[in-house]
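Because the structure is a prediction, the values reported are computed rather than measured. As the structure lists them, so they are numbered: ligands from 1, and atoms in each ligand from 1.
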Amino acid sequence: MIRLVFGILVLFAIFRFPTIESRSHHPSAYSGIEFPALNCRKHKAVITDFGGVGDGKTSNTKAFRTALSKLSDLASDGGAQLVVPPGKWLTGSFNLTSHFTLFIQKGATILASQDESEWPVVAPLPSYGKGRDGTGTGRFNSLISGTNLTDVVITGNNGTINGQGQYWWDKFKKKQFNLTRPYMIELLFSQNIQISNITLVDSPSWHIHPVYCNNVIVKSITIIAPVDVPNTDGINPDSCTNTLIEDCYIVSGDDCIAVKSGWDEYGIKFGMPTQQLSIRRLTCISPKSAGVALGSEMSGGIKDVRIEDVTLINTESSVRIKTAAGRGAYVKDIYARRFTMKTMKYVFWMSGNYNQHPDEGYDPKALPEVSNINFSDMTAENVTMSASLAGIDKDPFTGICISNVNITLSAKPKEVQWNCTDVAGVTSRVKPEPCSLLPEKKTEGKNMDCMFPSDLIPIESVVLKKCSL
Ligand SMILES: *[C@@H]1O[C@H](CO)[C@@H](O)[C@H](O)[C@H]1NC(C)=O
Ligand SMILES: *[C@@H]1O[C@H](CO)[C@@H](O)[C@H](O)[C@H]1NC(C)=O
Ligand SMILES: *[C@@H]1O[C@H](CO)[C@@H](O)[C@H](O)[C@H]1NC(C)=O
Ligand SMILES: *[C@@H]1O[C@H](CO)[C@@H](O)[C@H](O)[C@H]1NC(C)=O
Ligand SMILES: *[C@@H]1O[C@H](CO)[C@@H](O)[C@H](O)[C@H]1NC(C)=O
Ligand SMILES: *[C@@H]1O[C@H](CO)[C@@H](O)[C@H](O)[C@H]1NC(C)=O
Ligand SMILES: *[C@@H]1O[C@H](CO)[C@@H](O)[C@H](O)[C@H]1NC(C)=O
Ligand SMILES: *[C@@H]1O[C@H](CO)[C@@H](O)[C@H](O)[C@H]1NC(C)=O
Ligand SMILES: *[C@@H]1O[C@H](CO)[C@@H](O)[C@H](O)[C@H]1NC(C)=O
C-alpha cells in the first residue's frame with residue numbers, strides 16, 4: 001500500500017513537470033495542437049511577445065491592442081494567429097483584424113476588465129438607433145470586437161473568456177449607467193466568421209453578437225451565466241445571412257439564442273434581415289427566457305430559420321416569437337423539429353404585444369407579418385402551459401403548423417392549456433388538444449406532417465481546414 005502511494009506520488013512528480021513547462025510560453029509547449037478552421041495562417045505569435053502578463057492582475061489591454069495592430073499588417077501576407085497560453089489575461093476592449101485567428105488555449109482565461117476607462121464608447125447600432133439598455137445613445141465597445149472584417153476565427157481547445165459581469169449587472173440594476181453595457185464578442189459588417197471551442201462565462205450583457213454579417217459559424221461553444229442576471233443572452237445573430245450555430249451548451253439569465261434584426265423605425269429604415277439561419281444540437285437551460293427567441297427586435301425581418309435537435313431543461317419556453325405593432329417587417333418561414341423538453345413554463349409562446357420601443361418615434365401602424373411557422377416532432381414533460389399564442393388585433397399570425405407533439409403536464413398545470421388569440425393554422429397529432437383556431441388537419445384522410453426543408457443553407461456545406469498551432 002505504502003509502495004503504491006509512493007509510486008503514485010513519484011508519477012505525479014514526473015508528470016507535473018510537463019504541466020509546469022507548458023506554462024512557460026515556449027512554442028514547443030503547444031505546437032502539437034490541431035484544430036479545424038476556415039483558414040490556417042502563415043504567421044504565428046503569442047500574447048507574451050507583446051508584453052502580455054498572465055497573472056490575472058496586470059492589464060493586458062495594451063498588449064492585445066499592440067498585438068492586433070502589428071498582426072493586422074500581416075493580413076495580406078497569409079494572415080496571423082495569436083495564441084493566448086495558460087494563465088489569466090486581464091484586458092479591456094480590443095478590436096480584431098482580417099485573416100486572423102485568436103486561439104485561446106485550455107487553461108487560459110481572458111478576463112474582462114472592470115475598469116470602464118478600458119472600454120471605448122461607440123455609437124449605437126444604426127438598426128437600433130439607441131443603446132439597447134434604454135439609457136442614452138452611446139454604448140461600450142464589446143470586449144472582443146471588429147468591423148468590416150473578413151476571415152476571422154476565434155477558437156481554442158476550450159479556453160475561457162470570463163466577462164466578470166457582476167460589476168456591470170449590479171450597476172445596471174441600480175440604473176447607474178447612461179451607456180449600454182458591452183457585449184463579449186461582437187463582429188459588425190463582417191464575413192467568413194468562425195467562433196468555436198471556447199467557453200464563455202458571465203458576460204456583462206449578450207455573449208456572442210454577429211451583426212450585419214455573412215457566413216458565420218458558431219460551433220462547440222459553452223456559455224454559462226447565472227440564471228438570474230439581466231440580458232446575458234447566449235448567441236444573438238442580428239441582421240445576418242447564412243449562419244450556422246451547432247453543438248452549443250448554454251445556461252443563461254436570458255434567451256439562449258435570440259434572433260434579431262433591428263428595432264422599430266431604425267430597423268425598418270436600415271432594412272437588413274436575418275435569413276438563412278440553421279441552429280442544431282443546442283442544449284439550453286434558461287428558466288426565465290426562451291431556448292430560441294425570434295425578436296423582439298425584428299424590424300429588418302427574420303426568415304428561413306431552421307432549428308433542430310434541441311434539448312431544453314428548466315426553460316421558460318421553446319421557440320418564442322416576440323414582436324409588437326411598430327416593429328414592421330416579418331417573421332416567416334420558420335421551421336423547428338425534434339425538441340426534447342423537460343420542465344417548461346410554456347412549450348409554444350408567441351407574443352404580439354412586446355411593447356418595448358426605442359423612443360416615441362415608432363410608427364404604431366407598422367405591423368409585423370408573422371406567417372409560415374412549422375413545428376414538428378417534439379416531446380415535453382412537466383409543462384405548466386402548452387401554448388400561449390397571441391397575435392395582433394387585425395394582424396393575425398398565420399400559417400402556423402404543429403404536428404406530432406406530445407406534452408405531459410406538471411403537478412399544477414394551468415387550467416387553460418392552449419390560449420390562442422389572433423392566430424390561424426393547423427395541427428396534427430398534438431397532445432393535449434390544441435385550441436379551435438388550430439384545428440386538426442388530415443390530407444386525404446391521412447395524418448399531416450408540418451414540413452421541414454430538405455435542402456441545406458450554404459454555410460452547412462463548408463468544410464473546415466485542419467490547422468495547427
Ligand atoms: C475599436 O473599434 C471601435 C469602432 O470602430 C473604435 O471606436 C475603437 O476606438 C476601436 N478600439 C481600438 C482600441 O482601436
Ligand atoms: C467600415 O466600412 C464603411 C464603408 O466602407 C466605412 O464607412 C466605415 O468607416 C468602416 N468602419 C470601420 C470601423 O472600419
Ligand atoms: C472542439 O469541440 C468538439 C466538440 O466538443 C471536439 O470534438 C473537438 O475535439 C474540439 N476541438 C478542439 C481543438 O479542442
Ligand atoms: C469546456 O470547459 C467547460 C468549463 O470548464 C466545461 O463545462 C465543458 O464541459 C468543457 N467542454 C469540453 C468540450 O471539454
Ligand atoms: C454619463 O455619466 C457620466 C458619469 O456617470 C457623466 O459624467 C456624464 O455627464 C453622463 N452623460 C450624460 C449624457 O448624461
Ligand atoms: C416540475 O416542474 C416544477 C415547476 O413547475 C418543478 O418545481 C419541479 O421540480 C419539476 N419536477 C421535475 C420532476 O422535474
Ligand atoms: C407521441 O405519442 C405517440 C403515441 O404514443 C407516438 O406514436 C409518437 O411517436 C410520439 N411522438 C413523439 C415526438 O415522441
Ligand atoms: C389568453 O390570452 C389573452 C390575450 O393575450 C389574455 O388577455 C387572456 O387573459 C388569456 N387567458 C387565459 C385564460 O390565460
Ligand atoms: C409547413 O408544413 C405544411 C404542411 O406540410 C406545408 O404545407 C407548408 O408549406 C409548410 N410551411 C413552410 C413555411 O414550409
Side-chain angles (χ1 to χ4, degrees), residues 35 59-69 72 91-97 104-109 113 117-126 138-149 155-162 179 182-183 186-190 196-202 211-212 219-225 247-251 281 283 285 302-306 330-337 369-377 397-404 425-429 438 440-444 446-455:
F35 61 98
S59 170
N60 291 285
T61 306
K62 191 157 170 276
F64 276 106
R65 290 182 187 171
T66 307
L68 265 303
S69 161
S72 68
T91 181
S93 161
F94 61 93
N95 294 333
L96 302 179
T97 187
I104 309 170
Q105 250 191 286
K106 191 171 178 61
T109 299
S113 167
S117 71
E118 301 213 76
W119 302 76
V121 175
V122 294
L125 295 165
R139 51 189 211 117
F140 290 100
N141 200 44
S142 299
L143 179 66
I144 298 180
S145 186
T147 305
N148 295 350
L149 304 183
T155 190
N157 52 351
N158 208 15
T160 301
I161 304 176
N162 184 329
L179 294 166
Y183 304 136
E186 179 176 67
L187 291 152
L188 304 88
F189 299 105
S190 297
S196 63
N197 290 82
I198 49 177
T199 292
L200 310 180
V201 301
D202 295 352
V211 55
Y212 324 127
K219 191 180 160 77
S220 304
I221 295 285
T222 301
I223 297 178
I224 298 176
D247 298 307
C248 291
Y249 174 82
I250 303 175
V251 183
R281 300 186 300 271
T283 302
I285 300 176
I302 295 174
K303 70 173 178 211
D304 191 2
V305 178
R306 299 114 184 258
Y330 52 82
V331 175
K332 64 183 181 190
D333 305 337
I334 309 297
Y335 315 89
R337 70 172 171 188
E369 176 201 338
V370 178
S371 63
N372 289 322
I373 314 290
N374 273 8
F375 296 145
S376 61
D377 309 332
F397 298 174
T398 61
I400 297 168
C401 185
I402 307 177
S403 66
N404 188 28
V426 293
T427 52
S428 174
R429 291 158 295 138
L438 302 176
E440 170 96 13
K441 189 185 171 192
K442 286 196 194 284
T443 344
E444 290 161 14
K446 283 200 197 133
N447 286 332
M448 167 210 64
D449 293 307
C450 303
M451 271 176 12
F452 193 95
S454 53
D455 63 335

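- Comparing heavy-atom distances from atom 2 (O) of ligand 9 across I334, N374, T443, I400 singles out N374 as nearest.
- Residue contacts with ligand 4: N158 is placed with a nitrogen or oxygen under 3.5 Å of a nitrogen or oxygen of the ligand (distance criterion only).
- Atoms of ligand 1 lying under 4.0 Å from any heavy atom of N141, numbered from 1 in the order shown and given with element: 1 (C).
- Of the options G92, S93, P120, the smallest heavy-atom separation from atom 9 (O) of ligand 1 is shown by P120.
- Inspection of the T398 and S371 side chains reveals no N or O donor paired with an N or O acceptor under 3.5 Å.
- Per-residue contacts place V122 under 4.0 angstrom from the following atoms of ligand 1 (heavy atoms of the residue considered): 3 (C), 4 (C), 7 (O).
- For the residue pair T199 and N158, a side-chain donor N or O sits within less than 3.5 Å of a side-chain acceptor on the partner.
- Residue contact check: D333 has heavy atoms under 4.0 Å from atoms 13 (C) of ligand 9.
- N141 and N95 share a side-chain donor-acceptor pair at under 3.5 Å.
- Distance from atom 4 (C) of ligand 9 to its nearest protein heavy atom, with residue and atom name: D449 O, 3.5 Å.
- Within the structure, ligand 9 lacks F452 among the residues with a heavy atom less than 4.0 angstrom away.
- Residues T61 and T91 approach most closely at CA-OG1, 3.4 Å, considering heavy atoms.
- A donor-acceptor pair under 3.5 Å is absent between the side-chain atoms of S428 and the main chain of N447, judged by distance alone.
- Ligand 9 places these atoms under 4.0 Å from at least one heavy atom of Y335: 12 (C), 13 (C), 14 (O).
- Across S376 and C450, no two heavy atoms sit closer than the pair OG-O, 3.8 Å.
- In terms of polar-atom proximity, N95 is counted as a contact of ligand 1, with an N or O under 3.5 Å from an N or O of the ligand.
- By the 30° and 60° cut-offs, the orientation of the rings of F94 relative to F64 is parallel.
- Expressed to the nearest 0.5 Å, how far CD1 of I250 lies from CD1 of I221 amounts to 9.0 Å.
- Residue M448 places no N or O, backbone or side chain, under 3.5 Å from any N or O of ligand 9.
- In terms of modelled atom types and a separation under 3.5 Å, the side chain of N374 and the main chain of M451 share a donor-acceptor contact.
- For atom 5 (O) of ligand 1, the closest heavy atom belonging to the protein is T147 OG1, 4.4 Å.
- Checked by distance only, ligand 9 and N372 stay at 3.5 Å or farther apart across all their nitrogen or oxygen atoms.
- Protein heavy atoms all stay at least 4.0 Å away from atom 7 (O) of ligand 9.
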From CA spacing to verdict: salt bridge (Lys or Arg N to Asp or Glu O under 4.0 Å), R306, D455: CA-CA 11 Å; R306 299 114 184 258; D455 63 335; 3.2 Å; yes
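- At the shortest separation from atom 3 (C) of ligand 4 among protein heavy atoms lies T199 OG1, 3.5 Å.
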